[in-house]
Structures are given as structure tokens and as C-alpha cells.
Participant: 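Here's a structure for you.
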Amino acid sequence: MKKQVAIDGPAGAGKTTVAKAVAKRMQMNYLDTGAMYRAVAYVLLQKGVDLQDRLAIEQEMDSIQMEIVYLQGEQHVFVNHEDVTPYIRTPEVSMGASAVGKVPKVRIKLVELQRETARRYDIVMDGRDIGTYVLPCAKAKFYLTASSDVRAVRRGKDMQKAGEKVDFTELEKEIIARDKADSEREFAPLRCAEDAVYLDTSRMSQDEVIAYVCKKIGEIYG
Ligand code: DC
């Protein structure tokens, strides 16, 4: 079986940055599953679909064809042959991703692609339900979290680096709302797997988290 590393946790916990760095260091592939939910939300918002309308979302899913492509080591998400990666990091798309993630048909379709990727490559995958639902047999599972204000500051700084204006109070509110929706949904909610290493990173630097996760993976996979 291929090596599987699952990294879950709430919004802004630093999962993506950590997962990317760990994958590079451990010479594994990396899959950001949040980007996949974001891509669905973006495309449906573009089409004017109401993201609270479950039936409408389900109908649209049949016409969505998604492909994950790595360009110069960076993950890009293509929907119906269009690279939507540059457009999926807005607050509107963040909330939209959480909304489409409630719909089982969306999850089932995306999870199929996630598991298919894990069958082909040694993989570090980050999301909300990787350790509990997508890859329950992964030997290395981590749940990264931090207080909501720390997470808002981290996410906000990333957005500022990308040239965006940030209202930190609004951002923290959005993060709390998203965590609530993600952990209260019925199908594959955000949850720490029983066999995951739980890590509160509020007082840890990114380098410390990366080093810790790599050390644990080394112990597990040798
Ligand atoms: O990790 P992220 O912030 O990019 O994820 C955006 C949203 O997508 C998140 O709020 C909920 C949804 N999501 C999900 O339901 N399951 C995943 N495995 C990853 C993301």
C-alpha cells in the first residue's frame, strides 16, 4: 500500500502550508482537498446557483468535470478544462466551499478523486474528513488546530502577502462560522480521528510544526 498522511483541522490552522512542506521534505505528493470544494463553489457561484439550494447543486454536479494538475510543483484545479485556481481564495468562495461541502453528492464525487489519487501516489492530503472518512486506514494522521484569533491572524497575513486588504475581525467571524458549519454537517463532518495526533499549534512556529509532523511520519513509516 502507498504511504498516506492525513492532515485535518479547522480553517486557518496552517494545514496547507504544513502539508505542502511535509510532502516536499518526505518526497511525497500533496493534495489540498479544500481547493477542490472551493473550485466547485466558485464555478457554481459564477453560474448564479444558490449555494443553499441542495437540489440545484446536485443537478449541477453532473456537469462538473474536475482535474488536479501540478504545474511547477503547485497544485492547480481545473473544472471543465478551465484553471480556476486564481479565483478560489476569496471570502465568498470560502463560505461557498463550506456550503457545497454539506451536500453528500458533492463529497462523494470529490472523495472518489481524492482516493484515486491516494491509490496512485504516496500522499499527504489535507482537509476536514481525511483521517475520518477519505483515508480511514492512513497510518499517519494529524489534527492541527489553534485558537480562532491566532488562525485569523495567520490566514490574514497570507492574504496580505497576496496583496489583499484584510479586516481581521471579519475574517475571524468568517472562520468561526465556517468551523461551526463544517463540524455540524451530517455527512463526514470536521472531527479529530480517534487515532490522530492532536496538535494545538497556537504557540508553535510553522517550522516547529513541520519538524514535529515529519519526525512522527518518519517513526511511523521508517
Ligand atoms: O481548507 P479550506 O479552508 O481551503 O476549505 C474550504 C472549505 O471546504 C471548508 O470550510 C469546508 C470545505 N472542505 C470540506 O468540506 N472537506 C474537506 N476535506 C476540505 C474542505
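As the structure lists them, so they are numbered: ligands from 1, and atoms in each ligand from 1.
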Participant: Can you check whether P189's main-chain N or O pairs, donor with acceptor, with D129's side chain at less than 3.5 Å?
Facilitator: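 Between the backbone of P189 and the side chain of D129 there is no qualifying donor-acceptor contact (under 3.5 Å).
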Participant: Are any side-chain N or O atoms of K15 and backbone N or O atoms of D32, one a donor and one an acceptor, separated by less than 3.5 Å?
Facilitator: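 No; zero donor-acceptor contacts below 3.5 Å.
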Participant: Between R107 (side chain) and G101 (backbone), is there a donor-acceptor pair under 3.5 Å?
Facilitator: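 Checked: pair present.
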Participant: Between Y198 and Y143, what is the ring plane arrangement, given parallel below 30°, perpendicular above 60°, and tilted in between?
Facilitator: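 The rings of Y198 and Y143 lie parallel, inter-plane angle below 30°.
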Participant: Can the ring centres of Y133 and F187 be said to be less than 6.0 Å apart?
Facilitator: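 Close enough - the centres of the two rings lie under 6.0 Å apart.
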Participant: Mind checking what makes side-chain hydrogen bond (donor to acceptor under 3.5 Å, both in side chains) contact with S183, not counting sequence neighbours?
Facilitator: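 Per chain and number, S183 pairs via side-chain hydrogen bond (donor to acceptor under 3.5 Å, both in side chains) with no residue.
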Participant: Applying a heavy-atom distance cut-off of 4.0 Å, which protein residues contact ligand 1?
Facilitator: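 For ligand 1, the residues that come within the 4.0 Å heavy-atom cutoff are T33, G34, Y37, R38, R89, A97, S98, R107, G127, R128, D129, R155, R178, D182, R185.
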